[in-house]
Amino acid sequence: MPKHRTDQEVALQGSMRAVTRIKTKGKPKIGVDEFMALCGRFGFAKPTLNKIRKIVLEADWGEGPFFANYYSGLKESSVQAFERVAREVFGARHSIGTSSGSGALHAACVAAGVGPGTEVICPAIGFFATANAVDLAGGKPVFCDVDESLHMDPAKIESLINERTAAIAPTHVMGGVCDMDRIMKIANRHSLRVIEDCAQSCGAQYKGRYVGTIGDLGIFSISCYKITGAGEGGLLLARDRRLWERASQVVECGGLWRPSRFAPPRYPGELFTGTNYRMSELEATLDVVQLKKLPQTVQRFRTVKRHILDRLRPFREITPQICNEPEGEVGYLLRFFPETIELGERIVEGLRAQKIDASMRGKNAPPDWHCYAYMYPLAVKYGFKRGDCPVADDLFDRVINVPLNQWYSAVDCRTVAGRINAVLSACCTPGPNGRACN
Ligand SMILES: Cc1ncc(COP(=O)(O)O)c(C=O)c1O
């Protein structure tokens with residue numbers, strides 16, 4: 001144990017280690033059984049588990065691991081390593097590992113000064129968590145309609161700005177990227193904070209910069225549903241130290257982030273109430289590995305999408321999704337708009353018959369928290385309803401989604417593109433007006 005630790009810190013490490021040192025060797029609090037439970041969760045078969053158990057039973061477990069961020073006994077805990085790797089991968093100055101993307105969003109909102117009497121401009125298509133975090137911080141979400149990129153339409157932002165507006169919170173949707181130049185220009189003109197929600201586009205870039213590092217704050221979900229993530233986790237990136245300190249205060253209730261954690265405020269406004277959104281050491285251990293793989297993962301998705309796009313033919317009744325940054329998006333989804341929902345239904349049916357996993361919401365689909373009008377806790381509270389953002393209403397129901405697999409070979413890509421062309425040829429008119437994406 002390093003010598004510089006205070007008595008209080010030693011006490012905080014828990015009595016377990018001390019107890020195991022007194023009479024007998026005892027067993028570590030976290031040992032073979034816990035390790036085997038983890039191996040079981042990985043899904044190994046019984047014979048493999050038996051072999052692993054035999055090996056690890058022979059190992060000297062000492063006091064066992066201590067899964068704490070601050071007092072791990074390591075030079076760098078897994079959470080600290082995750083935060084460092086995040087800074088290195090994204091080229092960010094400040095980072096915080098969190099328990100979820102939702103927690104990171106709440107912390108980002110508070111850091112950005114969102115509170116009672118303020119408003120934040122959120123996209124009509126994204127996910128409930130963004131607007132929810134605004135409300136949780138005491139502010140009011142205001143929804144901005146989208147354009148044919150399915151991202152916040154920069155042309156519609158300024159009419160929503162008033163003296164209460166504190167921030168713009170663009171969401172990079174499903175591997176795509178927002179038109180960040182135009183959004184940043186508007187934010188700078190009106191001195192507004194920008195909170196980028198990158199939960200669905202971890203690893204995407206805009207003009208050579210990773211999303212999440214362009215605005216004042218960037219948040220990510222590092223959960224099992226995202227392209228990077230092992231269970232439940234999140235990440236917050238901050239442009240400057242003051243924003244990082246404010247976000248840390250929310251994540252680390254009680255100022256645990258400070259060098260002298262229990263000391264009174266060092267400057268007015270430093271300390272305020274927060275909660276515990278800390279990332280767990282176990283989660284961080286897996287996420288460090290995941291995050292290091294991110295650039296290769298993104299590259300594979302991009303190559304697959306490019307291969308397919310290059311082979312798609314134009315059809316008059318198909319409008320491609322606008323890509324704000326074709327070179328920068330992650331590209332795990334191919335999206336395009338058929339002229340009508342009826343046509344879309346025929347196309348989806350044809351694609352599925354060809355074993356292409358396509359979907360479209362269509363008419364009378366169940367509510368979905370990725371579109372503003374269905375975010376009921378907020379829609380009811382603030383009176384949002386279908387019709388407020390007509391472009392989102394229309395496109396959300398009509399967009400055809402074709403998920404792509406990063407492991408497709410060049411032959412697979414040719415096959416997928418060929419089948420999409422065949423189905424579109426059967427349902428549409430070949431023509432110069434568009435193709436299934438730009
Ligand atoms: C755009 C967006 N923001 C935030 C979140 C919330 O992330 P988490 O599930 O890690 O809380 C999600 C989750 O799907 C999301 O899609």
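Excluded from the calculations below are hydrogen atoms, water molecules and symmetry mates; all remaining heavy atoms, backbone and side chain alike, are included. Counting starts at 1 for both ligands and their atoms, following the listed order.
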How about Phe90 and Phe220: are their ring centres within less than 6.0 Å of each other? yes
What does the contact table look like for ligand 1 (nitrogen or oxygen on each side, cut-off under 3.5 Å)?
unit_1	atom_1	unit_2	atom_2	d
ligand 1	3 (N)	Asp197	OD1	3.2
ligand 1	3 (N)	Asp197	OD2	2.7
ligand 1	7 (O)	Ser221	OG	3.4
ligand 1	10 (O)	Gly101	N	2.8
ligand 1	10 (O)	Ser221	OG	2.7
ligand 1	11 (O)	Gly101	N	3.4
ligand 1	11 (O)	Ser102	N	2.8
ligand 1	11 (O)	Ser102	OG	2.6
ligand 1	14 (O)	Lys226	NZ	2.8
ligand 1	16 (O)	Gln200	NE2	3.0

Hits for salt bridge (charged side-chain N to carboxylate O under 4.0 Å, His left out) against Lys381, two or more places apart or cross-chain, chain-then-number order -> Asp135
Keeping the roles fixed (side chain from Thr303, backbone from Gln299), state whether a donor-acceptor pair exists under 3.5 Å. yes
Would you mind listing every ring pair (Phe, Tyr, Trp, His ring centres under 6.0 Å) that reaches into residues 95-122, with sequence neighbours excluded? His106-Tyr277
State, yes or no, whether a side-chain contact exists between Pro141 and Tyr382 at a heavy-atom distance under 4.5 Å. yes
In residues 114-126, what donor-acceptor pairs under 3.5 Å come from side-chain atoms, sequence neighbours left out?
unit_1	atom_1	unit_2	atom_2	d
Thr118	OG1	Gly115	N	3.0
Thr118	OG1	Gly115	O	2.6
Glu119	OE1	Asn162	ND2	3.1
Glu119	OE2	Arg164	NE	3.0
Glu119	OE2	Arg164	NH2	3.3

